[in-house]
Amino acid sequence: MAEVLVLVDHVDGQVKKVTTELLTAARRIGEPAAVWVGDGVESGRAALAEFGAEKVYVAPAEVNDYVVAPKAELLAKLAQEKGAAAILVSATAENKEIAGRTAVKLGSGVLTDVVDVNAEVVTEHSVFGGATVTHARVTTGVPVVAVRPNSVVPEAAVGAAAAEEAVAVEISDAAKTARVVERVAQEKGARPELTEAAIVVSGGRGVGSDDFSVVENLADSLGAAVGASRAVVDSGWYPNQFQVGQTGKTVSPNLYVALGISGAIQHRAGMQTSKNIVAVNKDPEAPIFELADFGVVGDLHTVAPQLTEEINKRK
Amino acid sequence: MNIVVLVKQVPDTATERKLNADDRTLDRAASDGVINELDEYAIEEALLLKEKHGGEVTILTMGPDQATDSIRKALSMGADKAVFVNDEALHGSDAIQTAYALAQALGTLEFDLVVLGSESTDARTGVVGAALAEYLGLPQLTLAGKVDVDGGAIRIQRQTDYGYDVVEAQLPAVVSVVEKINEPRYPSFKLIMQAKKKPVDKKSAADAGIDTGRVGLANATTETVDFAAAPPRAAGTIVKDEGDGGTKAADFLAEKKFV
Ligand SMILES: Cc1cc2nc3c(=O)[nH]c(=O)nc-3n(C[C@H](O)[C@H](O)[C@H](O)COP(=O)(O)OP(=O)(O)OC[C@H]3O[C@@H](n4cnc5c(N)ncnc54)[C@H](O)[C@@H]3O)c2cc1C
Ligand SMILES: Cc1cc2nc3c(=O)[nH]c(=O)nc-3n(C[C@H](O)[C@H](O)[C@H](O)COP(=O)(O)OP(=O)(O)OC[C@H]3O[C@@H](n4cnc5c(N)ncnc54)[C@H](O)[C@@H]3O)c2cc1C
């Protein structure tokens with residue numbers, strides 16, 4: 001069975017959930033082979049084995065010293081050497097760029113924001129803000145597929161070896177032209193990462209000020225990530241990287257709670273594929289209620305604290 | 001410093017967007033065309049750099065006839081001239097082919113910097129900037145929230161999930177911008193009038209050095225197999241808060257096993 005390369009997302013040796021989703025999807029197509037860049041593979045290997053990685057290719061941390069290009073070289077080289085059937089990455093901004101450059105190198109094509117993939121590497125996409133569902137495929141060469149987090153339910157596999165194999169990497173001069181000279185971390189709290197989170201609680205203009213505690217408290221009671229509408233980000237109430245929507249992050253959690261968000265099409269574009277949607281809004285006509293599985297017409301400043309208290313009580 | 005800004009025309013998000021039933025490409029007649037929002041930020045950044053370092057700002061658009069509207073808008077913001085690659089052979093090109101075609105067109109121009117949006121609002125692949133850098137063999141300075149040019153050196157803040165990376169390179173380079181980078185200006189009446197007289201150089205695929213055997217629907221690297229309207233969500237339960245709205249929401253979450 002041909003190998004399916006899965007680019008691993010990890011933080012400090014901790015494998016991200018989306019990688020277990022990709023490994024699960026890869027098993028439908030062929031034999032999953034994880035591609036690990038940087039240190040920490042010792043602590044991540046067990047998770048990769050659990051979700052079916054037969055092999056783990058390990059590339060040195062130096063690959064991260066330059067923007068995107070070395071990772072594309074690595075994936076293209078592995079795909080060619082191993083005769084890979086497909087390459088799967090998570091659909092983050094950077095990974096989509098890696099996917100693009102890899103496809104150019106391989107003379108193949110790239111499919112982005114994929115919500116499902118089958119054994120023949122036919123992909124399902126949710127486009128135009130969730131209004132249309134398409135199926136697509138790559139017509140030539142090794143398909144490079146960027147899958148949206150939380151789209152595939154991760155399932156453990158039995159007896160995968162996760163055999164480590166070091167990859168000798170020689171980064172070409174052409175791939176060294178954009179050098180990372182510093183990494184700056186901002187506000188990384190204890191909350192899960194927005195695009196990865198199983199639950200997202202978002203606040204909109206209805207929150208009324210930069211005091212976002214009403215949103216954060218509810219999020220923390222659920223172990224959720226915090227999101228925001230663009231109105232909130234534009235007002236400077238909450239940082240830009242938390243924006244959900246067409247020009248922000250796309251999320252697809254099991255539960256999305258919208259507090260004081262009207263549900264504009266550009267916001268919906270980023271959250272419409274959420275499995276369950278709960279909305280609190282004082283306007284019964286707010287379009288967000290068209291999407292809501294459960295909605296409360298009322299003031300979020302009384303409803304959300306009561307909800308938070310109830311959740312904490314029932315834990 | 002000569003800058004080329006890549007501008008794409010997209011269907012207005014506020015109108016209903018559709019695919020063509022016959023060839024499964026975007027139905028451009030179904031909705032109004034507008035300039036891709038992030039491309040306005042790209043134009044603004046190019047204009048700011050020009051104000052600081054001098055030179056010219058050229059708009060490069062590949063698209064159907066209607067895309068001239070977006071080119072005029074870009075010129076009325078203050079860009080100097082435009083190149084419009086317009087050829088039926090390009091219809092249905094996917095992201096990789098688009099990057100190839102734009103790279104070829106750029107090969108016929110002189111520039112120190114290419115600036116583009118990090119993502120379009122219609123297809124949203126976010127692939128073109130990176131693929132373009134690959135084709136051109138130029139430094140990829142994408143997802144920039146801040147750009148500084150100093151002589152032949154360029155430095156950006158590349159947005160990441162944890163914050164940003166500081167990235168350095170030498171010109172010429174490819175830069176893509178994210179929304180937080182600036183606030184695009186509104187065209188003044190004077191600029192709108194001037195824009196009508198600014199040169200737009202229309203090129204066929206061949207003029208732009210594009211091999212028509214590598215672009216268009218027939219040669220695409222990807223294929224849309226089928227499409228359909230998404231199934232509507234089942235109607236939810238909406239309650240009015242009568243002092244127990246939060247409790248009722250908690251009941252719903254408990255029923256769905258979230259608490
Ligand atoms: C090209 C483009 C891209 C865009 N990209 C995005 C994007 O990525 N993400 C995004 O979110 N938007 C985006 N927008 C903006 C979008 O159109 C909306 O303007 C935005 O989503 C509105 O945010 P909001 O729902 O928080 O605010 P509003 O639309 O002002 O809604 C506030 C809601 O809060 C309710 N409310 C007020 N007070 C209370 C209260 N006390 N209790 C309960 N409810 C209350 C109101 O009834 C109202 O429904 C984009 C727009 C454009 C043109
Ligand atoms: C719903 C939908 C889904 C699609 N999915 C895929 C897919 O999965 N894979 C695939 O290969 N193709 C896909 N396509 C095709 C894709 O729209 C076109 O190839 C498009 O020309 C480039 O992709 P983009 O708009 O996503 O570019 P992005 O990479 O999102 O755009 C980034 C920037 O590139 C510049 N740019 C892009 N196109 C042009 C242009 N024509 N002229 C000038 N500048 C430009 C702009 O500055 C833009 O801000 C899809 C199209 C649609 C309508």
Side-chain angles (χ1 to χ4, degrees), chain A residues 67-69 93 96-97 99-101 103-104 108-113 122 126 128 130-140 174 177-186 188 193 199 222 240 246-247 255 265-266 276 278 289 291-298 303-304 306-307 310-311 314, chain B residues 13-14 17 19 37-38 94-96 99 118 121 124-127 129-131 134-135 137-143 158 161-169 179-180 220-230 233 236-241 245-250 252-254 256 258-259:
Chain A
V67 176
V68 170
K96 291 203 285 183
E97 296 186 334
R101 291 192 79 134
V104 172
S108 65
V110 57
L111 297 163
T112 60
D113 281 320
V122 173
S126 163
F128 299 151
T132 304
V133 177
T134 66
H135 291 96
R137 64 182 195 98
V138 168
T139 55
T140 172
T177 53
R179 198 162 56 89
V180 179
V181 294
E182 193 187 348
R183 289 178 204 283
V184 182
Q186 293 171 319
K188 189 174 174 277
E193 212 266 299
I199 305 180
L222 289 162
N240 164 82
Q246 183 181 288
T247 43
L255 173 63
I265 181 129
Q266 297 89 353
N276 291 281
V278 171
F289 286 128
L291 292 183
D293 299 291
F294 192 84
V296 181
V297 180
V303 176
Q306 186 180 59
L307 174 57
E310 278 295 323
I311 293 166
R314 297 183 196 191
Chain B
T13 336
R17 294 168 293 174
L19 296 174
E37 202 204 12
L38 274 171
D94 61 30
I96 297 297
S118 50
T121 57
R124 303 189 66 192
T125 67
V127 156
E134 176 74 31
Y135 276 119
L138 293 180
Q140 178 187 329
L141 301 175
T142 46
L143 303 170
R158 171 177 167 86
D161 277 340
Y162 48 81
Y164 62 87
D165 288 349
V166 180
V167 181
E168 287 179 354
E179 200 181 309
K180 66 174 274 192
T221 64
T222 60
E223 174 191 38
T224 303
V225 182
D226 60 38
F227 71 92
R233 286 184 89 96
T237 310
I238 311 294
V239 300
K240 194 172 175 316
D241 179 35
T247 311
K248 282 187 172 153
F252 173 81
L253 295 185
K256 294 281 178 186
F258 289 110
V259 283

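In the text below, chain A, chain B and the rest are named by the order of the sequence lines, each starting its count at 1. These numbers come from a predicted model, not from an experiment.
- Of all the listed residues (Val184(A), Val122(A), Thr134(A), Val181(A)), the one sharing the greatest number of non-hydrogen pairs under 4.5 Å with chain B is Val184(A).
- Between chain A and the residues Ala229(B), Ala169(B), Ala249(B), the most heavy-atom pairs under 4.5 angstrom are made by Ala249(B).
- Using a 4.5 Å heavy-atom cutoff, the side chains of Val133(A) and Phe227(B) are not in contact.
- Heavy atoms of Val239(B) lying under 4.5 Å from chain A belong to its backbone as well as its side chain.
- Among Leu138(B), Val127(B), Thr125(B), the residue with the largest count of heavy-atom pairs under 4.5 Å with chain A is Thr125(B).
- When Asp94(B), Thr224(B), Val167(B), Leu19(B) are compared by the number of non-hydrogen pairs under 4.5 Å with chain A, Val167(B) comes out ahead.
- Side chain to side chain, Gln246(A) and Arg124(B) fail the donor-acceptor criterion of an N or O pair below 3.5 Å.
- Of the charged side-chain nitrogens involved, at least one lies within less than 4.0 Å of a carboxylate oxygen, so that Arg233(B) and Asp293(A) count as a salt-bridged pair.
- Shortest non-hydrogen contact noted between Val303(A) and Gly245(B) is CG1-C, 4.0 Å.
- Of the listed residues (Gly100(A), Gly298(A), Gly295(A)), the one with the most heavy-atom contacts under 4.5 Å to chain B is Gly295(A).
- Considering OG1 of Thr177(A) and CG of Leu141(B), their distance stands at 8.0 Å, rounded to 0.5 Å.
- When all heavy atoms of Ile238(B) and Ala292(A) are compared, the closest pair comes out as CD1-CB, 4.3 Å.
- When heavy atoms are compared at a cutoff of 4.5 Å, Thr139(A) approaches chain B by way of both its backbone and its side chain.
- Looking at Leu291(A), both its backbone and its side chain come within 4.5 Å of chain B, counting heavy atoms on both sides.
- From Leu143(B), atom CG reaches atom NZ of Lys96(A) across 10.0 Å, with rounding to the nearest 0.5 Å.
- Both the backbone and the side chain of Phe258(B) come within contact range of chain A, with heavy atoms under 4.5 Å apart.
- Contacts between Ser108(A) and chain B at a heavy-atom distance below 4.5 Å involve the backbone alone (N, CA, C, O).
- With a 4.5 Å cut-off on non-hydrogen atoms, Val138(A) touches chain B through its backbone and its side chain both.
- The candidate with the highest count of non-hydrogen atom pairs below 4.5 Å against chain A, out of Gly126(B), Gly163(B), Ala95(B), is Gly163(B).
- Both the backbone and the side chain of Asp226(B) come within contact range of chain A, judged by heavy atoms closer than 4.5 Å.
- In this model, no donor atom of one side chain and acceptor atom of the other lie less than 3.5 Å apart for Tyr164(B) and Arg183(A).
- For the atom pair NE2 (His135(A)) and CD (Glu223(B)), the distance works out to 13.0 Å, reported to the nearest 0.5 Å.
- For Glu97(A) and Arg158(B), the salt-bridge test passes: some basic side-chain N is under 4.0 Å from an acidic carboxylate O.
- Using a 4.5 Å cut-off between heavy atoms, Lys240(B) touches chain A through backbone and side chain atoms alike.
- In terms of heavy atoms, Ala131(B) sits closest to Val104(A) at CB-CG2, 3.8 Å.
- In this structure, CZ on Arg101(A) lies 11.0 Å from CD1 on Ile96(B), to the nearest 0.5 angstrom.
- Contact of Asn276(A) with chain B is made through backbone and side chain together, with heavy-atom distances under 4.5 Å.
- Contact of Leu253(B) with chain A is made through the side chain alone, with heavy-atom distances under 4.5 Å.
- The CZ atom of Phe294(A) sits 7.0 Å away from atom NZ of Lys248(B), with the distance rounded to the nearest 0.5 Å.
- With a 4.5 Å cut-off on non-hydrogen atoms, Ala254(B) touches chain A through its side chain but not through its backbone.
- Interface remark: Arg179(A) contributes backbone and side-chain atoms alike to the contact with chain B (heavy atom separation under 4.5 Å).
- Side-chain N/O atoms of Thr247(A) and Glu179(B) include a donor and acceptor closer than 3.5 Å.
- Neither the backbone nor the side chain of Ala99(A) comes within contact range of chain B; no heavy atom of the residue lies under 4.5 Å from a heavy atom of that chain.
- Between chain A and the residues Val259(B), Asp165(B), Thr121(B), the largest count of heavy-atom pairs under 4.5 Å involves Asp165(B).
- The distance from atom OG1 of Thr237(B) to atom CZ of Phe289(A), rounded to the nearest 0.5 Å, is 12.0 Å.
- Closest heavy-atom contact between Val110(A) and Thr222(B): O-CG2, 3.4 Å.
- For the set Ser118(B), Ala99(B), Gly236(B), Ala228(B), the entry with the most heavy-atom pairs within less than 4.5 Å of chain A is Ala228(B).
- Residue Leu255(A) touches chain B through both its backbone and its side chain, counting heavy-atom pairs closer than 4.5 Å.
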